Student: 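Below you will find the structure I want to go over with you.
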Amino acid sequence: MRIMQHLSERLHLLEHHIAEMRAQSPLASAHVTLVAVSKGQSQESIRHLLAAGHRDFGENRVQEALEKWPSLKAEFPDIRLRLIGPLQTNKVREAVDLFDAIDTVDRPKLAEALAHEFARRGDTRPCMIQINTGEEPQKAGASPAEADALIRVCRIEWNLSVTGLMCVPPVDDLPSPHFALLRKIAKRHSLPELSMGMSSDMEEAIRFGATHVRIGTALFGVRC
Ligand SMILES: *Cc1c(COP(=O)(O)O)cnc(C)c1O
């Protein structure tokens, strides 16, 4: 009971905070979705947020999500679950079965595999393209130099429903130049959505027009 109050309280505080940030920022999006990042969290914790009415969630591992989410989604059909971590082409079918949006399209091969899976099912999912704004070798995402070409391939060659761009700035950098860069690339392609900002940098992200902030720690507490 205490945990539950705790979680729903944090959710409401965060939503309030997001609304305040939006109101103060001229570039802010009219609507910012708080994506609750539930990786490493139990079904029980997730249920507390569901009970508080929250429906937007993100997971970064397909396998972990497959263990936690099918039963929850059967119970709450209006859940919107986003994949925010890397996707291997051999996991595309399972991912499309479970996730309502794929936010980490980062290479032509994956775009192709998704297109084939959507065609097979006669159904599609909104996708975001992940940009490695800091050009970190260990991080997923297309480099800024590859971004235009990848966005075109996804939209024109594979006819994916690309709604926006996603990024995770380097931990040691000031995040704002990365958010500004993501915004600039999205503008160039008239892409309306920007998934950027996590617990530590959501304020800057909202200031630069984030439409989705991905919040784990600030909501659930430190992951075990
Ligand atoms: C874990 C994760 C988050 C949430 O990070 P917090 O710092 O816990 O808010 C956001 N985005 C991605 C891609 C993640 O893997």
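Ligands are counted one by one from 1 in listed order, and the atoms in each one are counted from 1 as well. In this text the structure is predicted, and so the values were computed from the model without any measurement.
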Student: Please could you name the atoms of ligand 1 that Ile215 approaches to less than 4.0 Å, counting only its heavy atoms?
Tutor: 9 (O)

Student: Which atoms from ligand 1 have a heavy atom of Arg214 less than 4.0 Å away?
Tutor: 4 (C), 9 (O), 10 (C), 11 (N), 12 (C), 13 (C)

Student: If you measure from atom 6 (P) of ligand 1 to every heavy atom of Val35, Thr217, Ile84, which option wins on shortest distance?
Tutor: Thr217

Student: Could you pull out all donor-acceptor pairs under 3.5 Å where a side-chain atom in residues 25-35 meets a protein atom, sequence neighbours excluded?
Tutor:
residue : atom : partner : partner atom : Å
Ser25   : OG   : Met21   : O            : 2.6
Ser29   : OG   : His31   : N            : 3.2
Ser29   : OG   : His31   : O            : 2.8

Student: State the atoms of ligand 1, each with its element, that fall below the 4.0 Å cut-off from a heavy-atom position in Lys39.
Tutor: 1 (C), 2 (C), 3 (C), 14 (C), 15 (O)

Student: Short N/O distance, under 3.5 Å, between Ser200 and ligand 1?
Tutor: no

Student: Does any N or O atom in Gly216 lie less than 3.5 angstrom from one in ligand 1, N or O only?
Tutor: yes

Student: Got a salt bridge between Glu112 and Lys109, using NZ or NE/NH1/NH2 to carboxylate O under 4.0 Å?
Tutor: yes

Student: Do Arg10 and His6 have side-chain N/O donor and acceptor atoms under 3.5 Å apart?
Tutor: yes

Student: Are any of the side-chain nitrogens in Lys73 or Asp100 under 4.0 Å away from the carboxylate oxygens of its partner?
Tutor: yes

Student: Below 4.0 angstrom, N of the basic side chain to O of the carboxylate: do Glu204 and Arg207 qualify?
Tutor: no

